[in-house]
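Scroll down for the structure; my scribbles are underneath it.
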Amino acid sequence: MQIRIMLNGKTITEEVSEDLLLIDWVRSHGCYSVKRGCETSNCGLCTVFMDDAPVLSCSVLTVRADGRRIETLEGLEKEAEEFGAFIAAQGAEQCGFCNPGMIMNAIALFRETSEPSEEEIKEYLAGNLCRCSGYEGQLRGILSFLAYRKGDGAL
């Protein structure tokens with residue numbers, strides 16, 4: 001089937017098989033921040049934005065993205081760069097494997113609400129598997145970033 005998808009600002013038209021998962025398609029186009037973890041929609045490692053909404057690319061067929069806009073961390077580097085420093089400052093990137101999915105979901109949170117509650121932050125983190133840090137560093141990083149953005153804190 002022929003698809004046309006805008007990936008990180010570049011329109012791609014190509015023939016794909018009907019059973020090709022979106023995770024495999026974006027990785028075939030050099031988007032290696034999108035990682036394969038559980039393959040059961042439980043870990044958040046494969047998070048991408050489809051028309052600005054976070055989706056788990058291991059659970060979406062590429063043909064379902066036809067005519068849509070897909071963004072990965074590679075396409076959001078500018079937006080992610082500043083926030084990523086706050087995660088690192090909290091020691092929350094021990095192995096770094098979960099960071100791309102975690103950052104994608106944090107960006108979705110920041111876009112949705114400028115002042116999320118701690119409970120809302122925890123809800124966004126809940127769909128992301130991190131085996132190293134126990135999520136406290138990520139939570140502190142998000143809180144620090146939000147304080148910085150408001151002018152109440154520093155990196």
Side-chain angles (χ1 to χ4, degrees), residues 1-88 90 92-117 119-133 135 137-139 141-142 145-146 148-149:
M1 176 175 181
Q2 187 168 44
I3 54 135
R4 181 183 167 118
I5 297 173
M6 181 175 285
L7 177 63
N8 296 326
K10 178 183 174 192
T11 301
I12 300 170
T13 303
E14 68 184 21
E15 198 71 30
V16 298
S17 66
E18 289 84 6
D19 63 347
L20 180 67
L21 291 173
L22 187 57
I23 185 174
D24 297 319
W25 187 82
V26 297
R27 287 182 60 83
S28 75
H29 288 280
C31 299
Y32 300 118
S33 69
V34 183
K35 296 189 171 38
R36 177 172 267 107
C38 67
E39 296 189 67
T40 60
S41 305
N42 287 307
C43 71
L45 294 172
C46 66
T47 301
V48 300
F49 288 165
M50 182 184 297
D51 295 335
D52 293 322
V55 298
L56 299 170
S57 63
C58 75
S59 299
V60 177
L61 293 172
T62 304
V63 296
R64 301 289 267 170
D66 184 31
R68 314 286 290 273
R69 186 170 35 89
I70 303 295
E71 293 174 295
T72 68
L73 197 57
E74 287 84 357
L76 300 172
E77 283 186 68
K78 297 269 190 235
E79 195 171 352
E81 186 177 359
E82 187 176 38
F83 169 66
F86 284 84
I87 294 292
Q90 294 298 325
E93 61 170 20
Q94 291 178 27
C95 81
F97 195 70
C98 70
N99 279 0
M102 192 79 65
I103 291 172
M104 291 293 288
N105 281 296
I107 289 171
L109 170 68
F110 303 149
R111 287 178 174 182
E112 187 173 305
T113 179
S114 60
E115 295 187 39
S117 68
E119 194 58 39
E120 288 173 307
I121 295 168
K122 287 179 181 178
E123 285 177 26
Y124 272 79
L125 295 180
N128 295 277
L129 177 65
C130 177
R131 293 183 175 159
C132 298
S133 71
Y135 307 98
Q138 287 93 343
L139 177 60
I142 290 172
F145 177 72
L146 291 169
Y148 167 78
R149 207 165 68 172

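All of these numbers come straight from a predicted model, not from anything done at the bench.
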pair Asn42-Leu129: side-chain heavy atoms closer than 4.5 Å: no

Minimum heavy-atom distance Ile103-Ala80, with the two atoms named: CG2-CB, 3.7 Å

Side-chain touch Leu21/Thr62, heavy atoms, less than 4.5 angstrom: no

Min side-chain heavy-atom separation Glu115-Leu146 under 4.5 Å: no

Glu71 and Val48: CA distance, side-chain angles, deciding distance, side-chain contact (heavy atoms from CB on, under 4.5 Å) verdict: CA-CA 6 Å; Glu71 293 174 295; Val48 300; over 6 Å; no

Residues which pass salt bridge (Lys or Arg N to Asp or Glu O under 4.0 Å) with Arg36, listed by chain and number, not counting sequence neighbours: Asp24, Glu39

Mutual orientation of the aromatic rings belonging to Phe145 and Phe86 [parallel < 30°, tilted 30-60°, perpendicular > 60°]: perpendicular

Minimal non-hydrogen separation, Cys58 against Thr40, with atom names: SG-N, 4.2 Å

Distance under 6.0 Å and angle within 45° of ring axis: Arg149 vs Phe110: yes

Heavy-atom pair with the smallest gap, counting every atom of Ser17 and Val63: O-CG1, 4.3 Å

Nearest heavy atoms of Ala108 and Phe49, plus distance in Å: N-CZ, 3.8 Å

Distance, nearest 0.5 Å, that separates CG of Asn105 from CD of Glu123: 12.5 Å

Pro54 vs Met104 side-chain heavy atoms within contact, under 4.5 Å: no

Arg64 side chain near Met50 side chain, heavy-atom distance below 4.5 Å: no

Trp25: which of Val16, Val60, Leu61 passes side-chain contact (heavy atoms from CB on, under 4.5 Å): Val16

Between SG on residue Cys38 and CG on residue Leu45, distance to nearest 0.5 Å: 7.0 Å

Nearest-0.5 Å distance that lies between atom NE2 in His29 and atom CD in Glu14: 3.5 Å

Minimum heavy-atom distance Pro100-Ser33, with the two atoms named: CB-O, 3.3 Å

Derivation and outcome, side-chain contact (heavy atoms from CB on, under 4.5 Å), residues Ile3 and Thr13: CA-CA 6 Å; Ile3 54 135; Thr13 303; over 6 Å; no

Whether over 12 other heavy atoms sit under 6.0 Å from Arg4 CZ: no

Which atom of Ile23 lies closest to which atom of Cys46, heavy atoms considered: CD1-CB, 3.7 Å

Between OG1 on residue Thr72 and CG on residue Asn8, distance to nearest 0.5 Å: 3.5 Å

Arg68 side chain near Ile5 side chain, heavy-atom distance below 4.5 Å: no

Reported CG-to-OG distance for the pair Leu22 and Ser57, which is rounded to 0.5 angstrom: 5.5 Å

CD (Glu81) with more than 12 external heavy atoms under 6.0 Å: no

Expected output: side-chain Glu120 to main-chain Ser117 donor-acceptor under 3.5 Å: yes

Close side-chain approach of Asp52 and Arg69, heavy atoms under 4.5 Å: yes

Leu139 vs Gln90 side-chain heavy atoms within contact, under 4.5 Å: no

CE on Met102 to CD1 on Ile142, rounded to 0.5 Å: 7.5 Å

